[in-house]
Amino acid sequence: LSPSLEWSGEPGDVRSFALVVEDPDAPSGMFCHWLVYDIPPNVHNLAQGLKPGSVGVSGTNDFGRPGYGGPCPPKGSAHRYYFRLYALDINTLGLRPGVGRRKLLQAMNGHILAETQCMGRFQRR
């Protein structure tokens, strides 16, 4: 299940939000766990267990699926999971559902008004 998230304090001229969740400690390099974009500016939380497409548009994570993919590090040291929320100056990014991390970040380039993040750790023993 995706965790619940809540935010406030965005710039007054925000037109939409985008969320990117990634693990920079994955053995293959940066691993994307969740992408949601074109989140309306009046939305300030995402419920636990959010279904893809119920809020905003869902991208494809590195598991090859839309929606949230939970932590799954190999046994050993803890991995960091960054939840980055972007406030954008554009209503929609003009992307189809299911795009990957790279295309989403390219589309957001030049439209980011503000960014916030939180980080959690997960370890499998």
Side-chain angles (χ1 to χ4, degrees):
L1 291 176
S2 64
S4 63
L5 300 173
E6 187 173 325
W7 61 90
S8 62
E10 71 278 356
D13 51 351
V14 66
R15 302 291 200 106
S16 67
F17 296 102
L19 175 70
V20 177
V21 179
E22 50 200 1
D23 169 9
D25 303 318
S28 61
M30 188 66 77
F31 192 90
C32 182
H33 285 262
W34 198 12
L35 297 171
V36 184
Y37 47 97
D38 294 350
I39 300 169
N42 63 332
V43 172
H44 292 95
N45 62 45
L46 299 177
Q48 180 180 4
L50 185 76
K51 301 291 182 210
S54 60
V55 174
V57 178
S58 290
T60 299
N61 60 37
D62 285 343
F63 292 108
R65 299 185 304 262
Y68 177 76
C72 190
K75 290 181 181 181
S77 60
H79 282 217
R80 298 166 295 158
Y81 295 85
Y82 286 92
F83 290 71
R84 292 186 174 96
L85 182 74
Y86 300 89
L88 306 175
D89 68 356
I90 191 168
N91 291 335
T92 65
L93 292 167
L95 299 171
R96 62 176 175 72
V99 301
R101 177 182 170 274
R102 184 181 319 196
K103 284 193 179 193
L104 175 58
L105 294 177
Q106 287 173 347
M108 291 190 320
N109 190 30
H111 295 288
I112 299 171
L113 297 170
E115 173 185 348
T116 190
Q117 70 179 13
C118 66
M119 187 265 296
R121 295 180 191 273
F122 185 81
Q123 180 178 14
R124 198 162 49 145
R125 299 182 191 260

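All residue numbers in this chain count up from 1 along the given sequence. No experiment lies behind these values; they were computed from the predicted model shown.
Applying the side chain to side chain donor-acceptor pair (under 3.5 Å) test to pairs two or more places apart or on separate chains, none has a residue in residues 49-78. Applying the side chain to side chain donor-acceptor pair (under 3.5 Å) test to residues at least two apart or on different chains, the pairs with a partner in residues 106-120 are R84-Q117, D89-H111.
With contacts defined as side-chain heavy-atom distances shorter than 4.5 Å, the pair L88/L93 qualifies. Between E10 and F17, some side-chain heavy-atom pair lies under the 4.5 Å cut-off. Looking only at side-chain heavy atoms (C-beta outward), W7 and L46 come within less than 4.5 Å of each other. Looking only at side-chain heavy atoms (C-beta outward), R121 and P71 stay at 4.5 Å or farther from each other.
Here the side chain of E22 pairs no donor or acceptor atom with the backbone of H33 at under 3.5 angstrom.
Classified by interplanar angle (parallel below 30°, tilted 30° to 60°, perpendicular above 60°), the ring pair W34/F83 is perpendicular.
Scanning all heavy atoms of the two residues, the minimum distance from D38 to T92 falls at OD1-CA, 3.2 Å. The two residues H79 and D25 have their closest heavy-atom pair at CE1-O, 3.0 Å.
Put simply, Y81 and L104 are part of two different groups of oily side chains (I, L, V, M, F, W, Y) that touch within less than 4.5 Å, one to the next.
In this structure, OH on Y37 lies 12.5 Å from CG on L19, to the nearest 0.5 angstrom.
The environment of R124 atom CZ is dense: over 12 non-hydrogen atoms of other residues, nucleotides or ligands sit within 6.0 angstrom.
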